[in-house]
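In each ligand, atom 1 is the first atom listed, and ligand 1 is the first ligand listed. It should be emphasised that the depicted structure is a prediction, and the values quoted were computed from it without experimental measurement. Here, residue 1 is the first one in the sequence, and each next residue gets the next number.
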Amino acid sequence: MNRIVLTIWAKRLSGVAAALGLAFVPDLVRAEAPSPFNPASPQAASIANLFWIIVVIAALIFVGVGGAILYATFAYRERPGRAAAQFTGNLPVEIAWTAVPLLLLAVIFYLTVRTMIDLQIPTTDPGSDPVEITVGGHQWWWSFEYPQARFTTANEFHVPVGEPVILHLRSDNVLHSFWIPEMNGKLDLIPGHDRTMWFTPTQTGTFLGQCAEYCGIEHTWMHIRMVVQTPAEYASWVRDQQRPASTPTGLALEGERIFMQQNCQNCHAVAGTAAEGIAGPNLTHMGSRATIGAGVLTNTPDNMERWLRNPQEVKPGNLMPDMKLTPDQVRALTAYMESLR
Ligand code: CUA
C-alpha cells in the first residue's frame, strides 16, 4: 500500500515539474516524464501553442492588474495630513474593464475552437496511408489490435514516423483515458462508445503515455509505450508480430507444458498454440517487450521470475492470481516467456 502511495506522489510531483516547464530542460527528464511541452506531432504542437498563447495572455493580465493594484495602493494611500483617496463611478473605466476581458475571452474561445477542429480526424482524407489500431482499455493494461495486419499486442505498440495513426479506443469495463502527451490530448475510453483519436508522429523514438482517468487500484501502472520507427523498421516489426510464437526448446518447452497445464491459456493467447484467452495480455511476443505488468517492472528474467512467483506482491490487486508456482515451475515459465520473441 505504501509503495502505491509513494508512486502516486512521485507522479504528482513529476506532473508539477512538467507543468512548471521543468521537463523542457534536460532530455533525461523527458524520457521519464513525458511532457505536452515537447510536442512530437502537429496535433500536440497545436495544443502546446494554444497553451502558450493563453499563458502569455494570462501573464499580461496578471502584470497589468497586479501593477494597477500596487500603484493604487501606494499612490492613493493615507498620508500625514491627507486622507486615503476615495473614488466612485467612472463610466469609461467600467466600459473598458468589461469590454477588454470580453474581447480577450472571445479571442481565446476562437483559438480554442480552431485547435479542437485541428484535433479532429479529417472526414475526407487524413493523409497518405493511415495506420488504424483498436486500443482496448483493461484493468490494468492496454491491448493494441492491428486489424489490417491481423495481430494483437499489449502495453507496447509501434507506428511508422510521418504516417497518420488513427486509434479506435474501446473499453468493456470502466472509464480509462488514453494519453501520450507528446502526441495528442487525453481522450476517455467510455464503455459502449467508440472514440477515435489521431496523430501524425514527426520524430522517431520511444514515447511514454499513461492512463489518465482513475480506474481502480492499479490505475498508476497502466503505462503506454509507443515506439515510432522508420517505415522500413516498422514494416519489419509488423512482420515479426505477424509470425506465430517461436517453437520452444529445452527448459522453455517445459515452460510451455506448465503454461497449458496451469490453464494460463484461459486468460492469455500465444499465437500458433492452443492458448487463445483474451482476458489478459496477448503473450505471443512477450519476450521482446520492454516491460512486464504494463510498466511495473522492466522485462528481465529476474523480474519475470519475481512477477510469476506472486503477481499480487508486485502489482497488488491486478487480475492475475497468485498461481502458487514452485520455484522450478517459475524458472521454466520464465524461460518460456523469454523465448517468445
Ligand atoms: Cu485505466 Cu486509469
Side-chain angles (χ1 to χ4, degrees), residues 1-19 23 32-36 44 47 133-146 152-159 165-199 206-227 267-269 277-283 286 289-299 307 311-321:
M1 208 52 193
N2 271 337
R3 190 181 57 81
I4 294 171
V5 172
L6 280 176
T7 313
I8 290 170
W9 273 103
K11 293 244 155 203
R12 282 183 188 157
L13 288 176
S14 76
V16 170
E32 289 308 310
S35 163
I47 295 174
I133 304 169
T134 305
V135 180
H138 308 273
Q139 281 169 309
W140 290 274
W141 58 282
W142 301 94
S143 59
F144 296 96
E145 187 196 339
Y146 289 64
T152 300
T153 184
N155 300 321
E156 180 176 316
F157 71 114
H158 294 219
V159 295
V165 176
I166 298 180
L167 303 181
H168 300 271
L169 303 169
R170 285 169 197 172
S171 167
D172 61 2
N173 44 92
V174 297
L175 293 176
H176 301 276
S177 182
F178 188 91
W179 192 31
I180 302 179
E182 282 141 1
M183 292 296 144
N184 204 327
K186 300 168 184 174
L187 192 69
D188 279 5
L189 287 77
I190 303 173
H193 289 260
D194 271 5
R195 322 270 342 255
T196 46
M197 164 191 287
W198 81 310
F199 47 80
T206 299
F207 296 88
L208 303 181
Q210 164 72 42
C211 178
E213 174 80 46
Y214 183 72
C215 54
I217 186 167
E218 288 298 349
H219 155 71
T220 310
W221 290 115
M222 211 169 147
H223 287 196
I224 303 158
R225 195 177 183 88
M226 183 178 79
V227 182
C267 294
H268 295 286
I278 53 164
N282 184 306
L283 299 176
M286 179 65 222
R289 290 182 205 150
T291 70
I292 300 169
V296 72
L297 293 174
T298 49
N299 188 7
W307 173 266
Q312 292 302 315
E313 191 202 299
V314 180
K315 190 170 172 178
N318 91 80
L319 300 189
M320 175 159 164

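Considering CG of Leu283 and OG1 of Thr152, their distance stands at 12.0 Å, rounded to 0.5 Å.
Side-chain contact of Glu213 with His176: a donor-acceptor pair under 3.5 Å is absent, judged by distance alone.
Among protein atoms, those of element N, O or S found less than 2.8 Å away from atom 2 (Cu) of ligand 1 are Cys211 SG, Glu213 O, Cys215 SG, His219 ND1.
Under a 3.5 Å cut-off, the side chain of Lys315 and the backbone N or O of Val296 do not form any donor-acceptor pair. Although no hydrogens or angles enter the test, the distance criterion places a donor-acceptor pair under 3.5 Å between the side chain of Asn318 and the main chain of Met320.
Between His138 and the choices Trp140, Trp142, Trp141, the ring pair (Phe, Tyr, Trp, His ring centres under 6.0 Å) rule is met once, by Trp141.
The aromatic rings of Phe144 and Phe178 lie perpendicular to each other, with more than 60° between the two planes, well past the 30° mark.
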